[in-house]
Amino acid sequence: MRYSQLFPHTLRTLPREHEGTPYGLLVKGGYVRGLGQGLYSFLPLGLRVFYKLKRLIAGEMKRLGGQEVLVPLVNPMELWERSGRDLLVGGDLVKFSDRAGRQMVISPTHEEAMVELLRQSMRSYRMLPVFLYQFQTKYRDEERVRIGLLRSREFIMKDGYSFHRTYADLNNFFPKVFHAYERVFRTCNVPYIVAEAGVGYMGGERSYEFLVPSERGDNVVIRCPSCGYTANQDIAIGIKPLRTQIPLPMEEVETPGCVSMDDLVVHLSVPKSGLAKTMAYRTGKGLVLAVVRGDYEVSTEKLSQVLGTPVFGLASSSELRETGLVPGYLSPLDRRDGIVVVVDTAVADSSNLVIGAGREDHHYMNANFGRDFEGDLVADIAKVWAGHRCYYCGTPMQEERAVEIGHIFKLGDFYSQRMGLSFFDERGREIHPYMGSYGIGMGRLISMIVETNSDEHGIVWPPQVAPFMVFLMSIGNSLSMKRKLEALAEALGDRALLDDRHLSPGRKFLDADLLGIPYRILLTQELLEEGKVEVKERTTGKVWKLAYQRVEDFVHYLEEQYGPV
RNA sequence: CGGGCUGUAGCGCAGGGGUUAGCGUACAGGUCUGGGGGACCUGGGGUCGGCGGUUCAAAUCCGCCCAGCCCGACCA
């Protein structure tokens, strides 16, 4: 490939906000370009990286017996109503109607379409297990879009779906995918960590995230440095320090205008750990009041697990008023028919807390669980953070921001039950297959490869995902030089990018570094007279001479080492 | 959804009521160069985000809209 013909060339200038970011390197090098908020184009170089990654991942999926399919991006709304996820996904789900008025969705993920595909195509348990995967566009109307490939609205995901006769079979298959993912991320040279995670709107039971630590991430991972416990903050557990005092009699106090924890801290001179806050959520079981201590935040993920039903989000002030509740003064005492109260363990085990009074401008002090208020459920529903002691070994835990690059779910029969996917087993009993789903965000992975494989000069691609193996250039423009260079380019074919521009050597060197192609091969008049070329390795900066005649062998060797370009 | 900032050449920026709107870079042609963003010559490229208003006169002031970026989002 001739660089002069490659669309487009590297940029010399970047907008300030992209300077020094992985996304900036990708833009500057001509790998990707933004089109609009959360929308990105892959350019030829970027697509070459994409295809190499795709081949790498597909190879692993095939090893597990996976078969590639492609289900539509647009789905009939009816499918989503059947799974119940039209409500669960909420605002991320883009809906539209076609000219005939049929309701459609743009899929944020493809469980429904895959289950439907199986429903249409399989009639016997004998066909299980089956493992299907695809590389398909997703669209999520994210609340918060950040610049770069880390959180985009439209993105391509490798998503895989496995279906099993028994839970045991799913349990057996799941670790195989886990290890396949580990091989992929190791090959990509990203320092991934694995964390237990919540299921969010995917449904199901259990999940593991593959994350790369980064300041830019919007996941928080809690880790125990001693025993290695690692979990997403949404579900991480830890030992919560309690407030234990001799119980005092409860008393009502006036708290005019105190509608936040901070107001109460000032007004009552009580630390946040001495307050209990009551939060109202819309859930699959109606309105639920979650009571956590003032210094904690509710984990909707934990709440959802405890309730065994989806949590859609916080109730709005108007919804509260319709139910006769007073925003700002919600109270566990608001518990009654149709309103479930879930009390966090730290609240249940602490004494003399301030709680809302359930009416305007009043709170109660010295409220004690069991004596002054009750809950339908007592459970851990609060997020822990750094400093909390590990539940398993007692060591103070640490926290770290990270970017999620892969996520695997044990979905169980969540979808097969809801969507009516079933077969008869050998004894004539109806079974709902157990399902796993497995995703890798392609853009994010590329972005994180760049973030963790780059230096001040540019990208340093791991050879297995590099767009080309060799960056070929010369200094000097003599006819004999040109001929030698062209001959080499011809011989290397698609494995080399030939910089045939009439630019100063410096410019070519800089672009070679920016593009991050693993080996730079240079011809000069002097080298040529020796019958040699110069090779520079991008990863190490090592430079050595190689006989011109042996270049082809060398590249062939690289190909055997790292796979074809 | 809320707040702030920004929209001027492909890209990065300056100008901020009054001649023909500039600079760097990129681009096209040419000459010389050649080991880390080389020099010189020549050339082309603009509805100043959109609509409306104020004014003798608007890229510039005002209003609305649109887009992008950053921050914050129901923690009662």
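The chains referred to below are lettered A, B, ... by the order of the sequence lines, with proteins before strands, and numbering in each begins at 1. All values below were derived from every heavy atom in this structure, side-chain atoms included, with hydrogens, water molecules and symmetry-related copies excluded.
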### Query
According to the Watson-Crick and G-U wobble definitions, with both distances under 3.5 Å, which nucleotide is paired to B:U60?
none
### Message
Could you identify the nucleotide paired to B:G37, looking across every strand shown and requiring Watson-Crick or G-U wobble geometry with both distances under 3.5 Å?
### Response
none
### Message
Base of B:G34, side chain of A:Gln525 - is there a donor-acceptor contact under 3.5 Å?
### Response
no
### Message
Suppose you measure atom C1' in B:C27 against the same atom in B:G46; what distance do you get, rounded to whole Å?
### Response
16 Å
### Task
Provide the Watson-Crick or G-U wobble partner of B:U6, both distances under 3.5 Å; none if there is no partner.
B:A67
### Query
Among A:Asp295, A:Asp262, A:Asp263, which residue meets the salt bridge (charged side-chain N to carboxylate O under 4.0 Å, His left out) test with A:Lys272?
A:Asp262
### Task
Could you tell me whether A:Pro8 contacts a base, only the sugar-phosphate backbone, or nothing, with contacts defined as non-hydrogen atoms closer than 4.0 Å?
nothing
### Task
For A:Arg33, answer base if it contacts any base atom (sugar-phosphate contacts may also be present), sugar-phosphate if it contacts only those atoms, and nothing otherwise; contact means non-hydrogen atoms under 4.0 Å.
nothing
### Task
Sticking with atom C1', work out how far B:G18 lies from B:U55, rounded to a whole angstrom.
12 Å
### Query
Quick one: A:Leu510 CG to B:G38 C1', roughly how many Å, whole number?
13 Å
### Message
For A:Phe373, does the six-membered ring have the charged nitrogen or CZ of A:Arg335 within the cation-pi criterion, i.e. under 6.0 angstrom from the centroid and within 45° of the normal?
### Response
no
### Query
Is the gap between the ring centers of A:His18 and A:Tyr23 under 6.0 Å?
yes
### Message
Students often get this wrong, so: under 4.0 angstrom with heavy atoms, is A:Lys383 touching a base, only sugar-phosphate, or nothing?
### Response
nothing
### Summary
Under a 3.5 Å limit on both distances, the Watson-Crick or wobble mate of B:A26 is none
### Task
Identify whether any heavy atom of A:Leu264 sits under 4.0 Å from a base atom; if not, whether one sits that close to sugar-phosphate; answer base, sugar-phosphate or nothing.
nothing
### Message
Using the side-chain heavy atoms of A:Phe509, tell me which of these nucleotides is nearest: B:G35, B:C69, B:G37.
### Response
B:G35
### Query
Given that both distances must come in under 3.5 Å, which nucleotide forms a Watson-Crick or G-U wobble pair with B:U19?
none
### Query
Does A:Arg140 reach the main-chain N or O of A:Pro108 with its side chain, forming a donor-acceptor pair under 3.5 Å?
yes
### Task
Under 4.0 Å between any heavy atoms, over every strand shown, what does A:Lys536 touch: base, sugar-phosphate, or nothing? Just pick one.
base
